[in-house]
*Asks:* 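Shown below is the structure under consideration.
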Amino acid sequence: MHRIEGYVIVSVDGMIADINGEIPDSLRNDADQNFFQSSLDRAAVVVHGRHSHEGGPRAARRKRLVLTRQIADLAPDPLRPNSLLWNPTGASLEEGLLALGAGDGPIAIIGGTEVFSMFLSRYDAFNLSRAAHARIPGGRPVFTAVGPNASPEDVLAAHGLKPGPRRDLDAAAGVTLVTWQR
Ligand SMILES: NC(=O)c1ccc[n+]([C@@H]2O[C@H](COP(=O)([O-])OP(=O)(O)OC[C@H]3O[C@@H](n4cnc5c(N)ncnc54)[C@H](OP(=O)(O)O)[C@@H]3O)[C@@H](O)[C@H]2O)c1
């Protein structure tokens, strides 16, 4: 059994990107990137939607499942040799991991909105970084249920996750991290 872990950085208002799907500079932070990239180095597989990607020099080495509705179940990824395209309607996560030949280690879920939401009942841990100086009105929320009446924390708590201590990743920039565990 693999642990399932989520990773995100959100604005004060719970957004992961602006209305166009672009990540603004106010959400980019070196300390958060270091935490994110080193966590992904320990993951067996990275999972994300077709518009997301972690970037960075080590990305090509990582095994990944890329969600898309353009295929029926599982298919080779023409862009990346270590990757498979995955439609969860036609194949389970476990079938995807088997087809990839996933080794030991957690499965890292890295977005976007629909993908983060889809795994809410399955996370063993969700790493919620927050940039206190970023606000993105009208942006893309981390979970579909986030809005004026529901914060990311409300959604995680409603799905049975509990917060750990808040850590300063970059105190000067106001970037913190809370790991929510089941
Ligand atoms: N701040 C952060 O930490 C963070 C994290 C992640 C992403 N982001 C940003 O947020 C932006 C917005 O993300 P997004 O939510 O639009 O993109 P996304 O989830 O990366 O990609 C959306 C696409 O993924 C596929 N998909 C999603 N859910 C699916 C499902 N249940 N079954 C099958 N396919 C599925 C679909 O691809 P097809 O159209 O091919 O069917 C869909 O168009 C990204 O562009 C990225 O820049 C930020």
Side-chain angles (χ1 to χ4, degrees), residues 2-11 13-29 32-33 35-103 105-129 131 134 136 138-147 152 155-156 159:
H2 293 269
R3 277 173 63 81
I4 297 188
E5 301 179 347
Y7 292 88
V8 75
I9 182 164
V10 299
S11 59
D13 41 357
M15 302 298 150
I16 61 170
D18 67 17
I19 195 168
N20 301 314
E22 301 293 328
I23 303 179
D25 287 346
S26 58
L27 276 189
R28 297 185 191 277
N29 177 267
D32 180 65
Q33 268 297 310
F35 167 74
F36 179 52
Q37 292 286 343
S38 59
S39 300
L40 296 194
D41 287 342
R42 290 191 291 276
V45 172
V46 178
V47 177
H48 57 79
R50 189 170 59 80
H51 298 147
S52 295
H53 194 267
E54 76 274 23
R58 305 193 293 278
R61 294 185 212 154
R62 297 181 186 129
K63 293 188 175 180
R64 70 187 63 236
L65 291 173
V66 180
L67 279 89
T68 175
R69 295 186 176 88
Q70 295 173 10
I71 47 121
D73 39 39
L74 289 162
D77 182 341
L79 299 178
R80 311 174 189 102
N82 283 338
S83 171
L84 287 176
L85 303 178
W86 173 39
N87 185 339
T89 304
S92 67
L93 173 65
E94 287 66 25
E95 287 170 321
L97 298 178
L98 196 64
L100 262 181
I107 307 305
I109 312 298
I110 66 163
T113 305
E114 200 181 333
V115 180
F116 281 134
S117 304
M118 182 182 137
F119 283 94
L120 272 166
S121 62
R122 296 196 63 180
Y123 291 119
D124 296 293
F126 193 90
N127 296 280
L128 181 66
S129 297
I136 315 175
R140 309 268 182 110
V142 53
F143 305 121
T144 50
V146 167
V155 176
L156 289 166
H159 286 83

*Asks:* Looking only at heavy atoms, which two atoms of S117 and V142 are closest? And how far apart?
*Replies:* OG-O, 4.3 Å
*Asks:* For residues L85 and P78, determine if any side-chain heavy atom of one lies less than 4.5 Å from a side-chain heavy atom of the other.
*Replies:* yes
*Asks:* How long is the straight-line distance from CG of D41 back to CZ of R58, given to the nearest 0.5 Å?
*Replies:*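 Between R58 CZ and D41 CG, I get 4.0 Å after rounding to 0.5 Å.
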*Asks:* Anything under 30° is parallel, anything over 60° is perpendicular, the rest tilted; go ahead and classify Y123 against F126.
*Replies:*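 Y123 vs F126 ring planes: perpendicular.
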*Asks:* What's the spacing between M118 CE and I109 CD1 if we round to 0.5 Å?
*Replies:*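 Between atom CE of M118 and atom CD1 of I109 there are 7.5 Å.
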*Asks:* Ion pair present between R64 and E54, side-chain N to carboxylate O less than 4.0 angstrom?
*Replies:* yes
*Asks:* Looking at every non-hydrogen atom in both residues, tell me the closest pair between I4 and L93 and how far apart they are.
*Replies:* CD1-CD2, 3.8 Å
*Asks:* Would you check, one step at a time, whether the test side chain to side chain contact (heavy atoms under 4.5 Å, CB included) holds for R140 with I19?
*Replies:* CA-CA 6 Å; R140 309 268 182 110; I19 195 168; 5.9 Å; no
*Asks:* Check each of V8, V115, V46 against I110 using the side-chain contact (heavy atoms from CB on, under 4.5 Å) test, and report the only one that passes.
*Replies:* V46
*Asks:* When rounded to the nearest 0.5 angstrom, what is the spacing between CZ in R50 and CG in L67?
*Replies:* 11.0 Å
*Asks:* Between the side chain of T113 and the main-chain N/O of T144, is any donor-acceptor distance below 3.5 Å?
*Replies:* no
*Asks:* Taking the six-membered ring for Trp, are W86 and F119 parallel (under 30°), tilted (30 to 60°) or perpendicular (over 60°)?
*Replies:* tilted
*Asks:* Hey, could you give me each pair passing side chain to side chain donor-acceptor pair (under 3.5 Å) that has a residue in residues 19-29? Not counting sequence neighbours.
*Replies:* N29-D170
*Asks:* In a check of side-chain contact (heavy atoms from CB on, under 4.5 Å) between I9 and each of N127, L27, I16, I23, which one passes?
*Replies:* L27
*Asks:* Please check: side-chain N/O of H2 versus main-chain N/O of G105, any donor-acceptor pairing under 3.5 Å?
*Replies:* yes
*Asks:* Shortest non-hydrogen contact from I136 to P24?
*Replies:* CD1-CG, 3.6 Å
*Asks:* Using the side chain to side chain contact (heavy atoms under 4.5 Å, CB included) rule, take N82 and L100 through it: C-alpha gap first, then chi angles, then the decisive distance, then the call.
*Replies:* CA-CA 8 Å; N82 283 338; L100 262 181; over 6 Å; no
*Asks:* In Å, rounded to the nearest 0.5 Å, how long is the span from CZ of F35 to OG of S129?
*Replies:* 6.0 Å
*Asks:* Rounded to the nearest 0.5 Å, what's the gap from CZ on R62 to CZ on R42? Could you check?
*Replies:* 11.0 Å
*Asks:* What closest approach, in Å, do I107 and A44 show between heavy atoms, and which atom pair accounts for it?
*Replies:* CD1-CB, 4.4 Å
*Asks:* Indicate the atoms forming the closest heavy-atom contact of V155 with A145, along with that distance.
*Replies:* CG2-CB, 4.0 Å
*Asks:* Between A17 and G21, what is the shortest heavy-atom contact and its length?
*Replies:*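 Heavy-atom minimum between the residues: CB-C, 3.8 Å.
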*Asks:* Please list all pairs meeting side chain to side chain donor-acceptor pair (under 3.5 Å) that have one or both residues in residues 68-79, counting only residues at least two apart or in different chains.
*Replies:*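 Passing the test, one end in residues 68-79: R69-E114, D77-R80, D77-S83.
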